[in-house]
Amino acid sequence: MMNGATPQPEPVFRIENVNIYYGHFKAVRDVTMYIPKNQITAFIGPSGCGKSTILRCLNRLNDLIPSFRLEGKITYHGKNIYDPDIDPVEVRRKIGMVFQKPNPFPKSIYDNVAYGARVINYQGDMDELVERSLRRAALWDEVKDKLKESGFSLSGGQQQRLCIARAIAVEPEVVLMDEPCSALDPISTLKIEELMHELKANYTIVIVTHNMQQATRVADMTAFFNAEPTPKGGKVGYLVEFDTTKVIFGSPKQQATMDYVSGRFG
Amino acid sequence: MTTTTTVHPQVQPLLKRLQFRTLFGWVMTGLVSLCALLTLMPLFAVLGFVLVRGISRFSLDLFTKLPPPPGLSGGGFGNALIGTLIVVLLGTLISVPFGVLTAVYLSEFSNADARQKEIARWVRFGINVLAGVPSIIAGVFAYGLLVTTGIFGYSAMAAGVALAVLMLPTVIRTADEALKIVPQDVRWASVGLGASNYYTIFRVVLPAALPGILTGVILAMARAVGDTAALIFTALFSTFWPRSLLEPIATLSVLVYNFATVPYKPQQELAWAASFFLVMLILIASVASRLVIRRQVKR
């Protein structure tokens, strides 16, 4: 764990003055923060505060929603990924995603892991890649004898690790995780958290979580988001505080953060 | 005796006795059961009737021989069986690519903006209208487009086009539904791995929807197998083995239509046997599509 005094590692992402709209509805306003390299950054906050929305902006997955619009800049190693000369499909190859609900493809375990590699026309040894990815996702020993079976034959926790293996098989630099443990039991959750600690060495991880204990267990940095009512009667999400996990949970500067992490609301 | 004396006064009204509502229940149960049976009757009557009339002629000859010339007996409907298979296969080959790709557009690409949604609405409306079009109209359409113009003339090709028009709405609708059932997560996952839209659709979404699409194709084929009106003036008929896709071709349904009313007994018997065979074919197709659905649900 770091404290505020240690120099921050090089940021992978910088989010600068980002506003997000769905049609005329403003979903998130004025977010400015960064994602440090080879660290785990957690997004916490009550439902509807825009954590997942921000997360999905980092690999341009929100582009799939027709009415989505973003103002401001999200730079990846200094380049704005919303620039017109950026190919969103290539962005998603560098920045992987693990979803809230385990969502393996209706294919064999092997084909699930190999999918991303086939997308990018991987020329190397596919068997080796599948094994390496499954090992990194701490799933190899459980599935090595049934690689040809459907991904659905696995338990929920195993399925989620399969999805992690699938995401890291394409060697992304960043792995985004949208509440990866919310559909899992505590033991599977613990396994995934251990896995995240191991993955940190090779990948930069951003995780959205509703579970504050999880944030304290895994995250180096934590961003607390909140939602405030708008005059029109809707809700808009904004970043309240971004700091090391220690500061956010120990001595936050904002009263709202204090109230949230101590369980007084949300 | 002892039981009646021990019943508590609060329990007394709970005991069963004959009341108007009990009687009414019995009568209504009888009535709805009777209606259910009556609706099943035509099915079994048809099955039984064609079975009784058709079974007497059932033999291997039926599938390997040509229909007899008027006045002679024996023979079979081998050419019509092959003709039906050819014509339905042609219809399938034409309607499935168009149908599935249309369904892909409707389900995957038509949500992009308001204009696309409007187009999709009209396409769906058009498909619904097409589904209600009588098969004779599909026949006239192919006749006018391909037969009278001399493009194909009376031929298996013209018949295949007519059947494709009939099959298209079923294929599109079932494929559209099957694609919509594929969970959105799976699309997100694929796109999140850097796959393009088309890669996602062809490698993940379509394979996942395949059982549903197959069901629709089987149902559409079952409809096409039994259709006569679309074939009468496109495929015409032939008493010979099919030789080319550009000549008139015999089909089972037109054989029934032609032979059922002629004054020759062997031909009439052949028509009954063909009817029985057609009904069985459609029954088997329906059961097969059910089995496909069940397998999909299990997975």
Side-chain angles (χ1 to χ4, degrees), chain A residues 23 52 55-56 58-67 87-107 111-122 150-153 159-160 162-172 174-178 183, chain B residues 100 103-121 123 174-175 177-215 292-299:
Chain A
S52 294
L55 188 79
R56 283 167 182 231
L58 297 179
N59 71 345
R60 294 197 57 173
L61 209 53
N62 277 333
D63 289 21
L64 300 193
I65 300 167
S67 60
D87 182 350
V89 170
E90 296 296 332
V91 169
R92 296 178 199 126
R93 291 178 187 175
K94 300 287 283 180
I95 300 153
M97 181 105 191
V98 175
F99 294 80
Q100 181 171 0
K101 235 177 68 194
N103 55 355
F105 298 130
K107 296 172 179 289
D111 286 339
N112 259 284
V113 181
Y115 184 87
R118 285 180 180 144
V119 166
I120 57 174
N121 236 329
Y122 179 71
S150 163
F152 291 130
S153 65
Q159 283 186 20
Q160 194 61 304
L162 176 65
C163 292
I164 293 174
R166 183 176 69 184
I168 61 182
V170 288
E171 293 292 339
V174 184
V175 180
L176 309 175
M177 296 186 173
D178 192 353
Chain B
V100 171
V104 165
Y105 168 75
L106 289 176
S107 130
E108 308 294 315
F109 291 100
S110 68
N111 296 320
D113 56 54
R115 204 173 55 87
Q116 301 269 318
K117 274 185 193 154
E118 188 67 8
I119 295 173
R121 209 167 64 83
V123 172
T174 47
E177 292 303 317
L179 287 168
K180 275 192 202 144
I181 295 172
V182 177
Q184 197 61 35
D185 304 14
V186 173
R187 293 183 182 87
W188 289 95
S190 175
V191 171
L193 286 168
S196 66
N197 259 341
Y198 283 98
Y199 197 93
T200 301
I201 287 162
F202 285 107
R203 294 303 174 88
V204 178
V205 180
L206 272 179
L210 199 62
I213 295 173
L214 272 181
T215 308
V292 173
I293 293 175
R294 197 170 302 165
R295 258 225 332 248
Q296 181 186 26
V297 171
K298 244 192 263 171
R299 255 206 325 189

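Computation of the quantities below employed the complete heavy-atom set of this structure, encompassing side-chain atoms and omitting hydrogens, waters and symmetry-equivalent molecules. A note on names: the letters A, B, ... follow the listed sequences, proteins ahead of strands, and every chain is numbered from 1.
Neither the backbone nor the side chain of A:R60 comes within contact range of chain B; no heavy atom of the residue lies under 4.5 Å from a heavy atom of that chain. No part of B:R187 comes within reach of chain A, as not one of its non-hydrogen atoms sits under 4.5 angstrom from that chain. Both the backbone and the side chain of A:L61 have a heavy atom closer than 4.5 Å to some heavy atom of chain B.
B:L193 is listed as a side-chain neighbour of A:F105, based on a closest heavy-atom distance under 4.5 Å. Residues A:F99 and B:D185 have side chains not in contact (no heavy-atom distance under 4.5 Å, counting atoms from C-beta outward). In this structure, the side chains of B:V204 and A:K107 come closer than 4.5 Å at one or more pairs of heavy atoms.
Ranked by heavy-atom pairs under 4.5 Å with chain B, the first of A:D87, A:L64, A:N59 is A:L64. Across A:V89, A:I95, A:D111, the residue that shares the most heavy-atom pairs under 4.5 angstrom with chain B is A:V89. Ranked by heavy-atom pairs under 4.5 Å with chain B, the first of A:Q100, A:R118, A:M97 is A:R118. In terms of heavy-atom pairs under 4.5 Å with chain B, the best-connected choice from A:K101, A:R166, A:K94, A:E90 is A:R166.
Closest non-hydrogen pair, A:R93 versus B:G194, comes out as NE-O, 2.8 Å.
Atom CZ of A:R92 sits about 9.0 Å away from atom CH2 of B:W188, to the nearest 0.5 Å. For the atom pair CD1 (A:I65) and CG (B:N111), the distance works out to 12.0 Å, reported to the nearest 0.5 Å.
Under a cut-off of 6.0 angstrom, the local environment of CZ in B:R203 is sparse, with at most 12 non-hydrogen atoms contributed by other residues, nucleotides or ligands.
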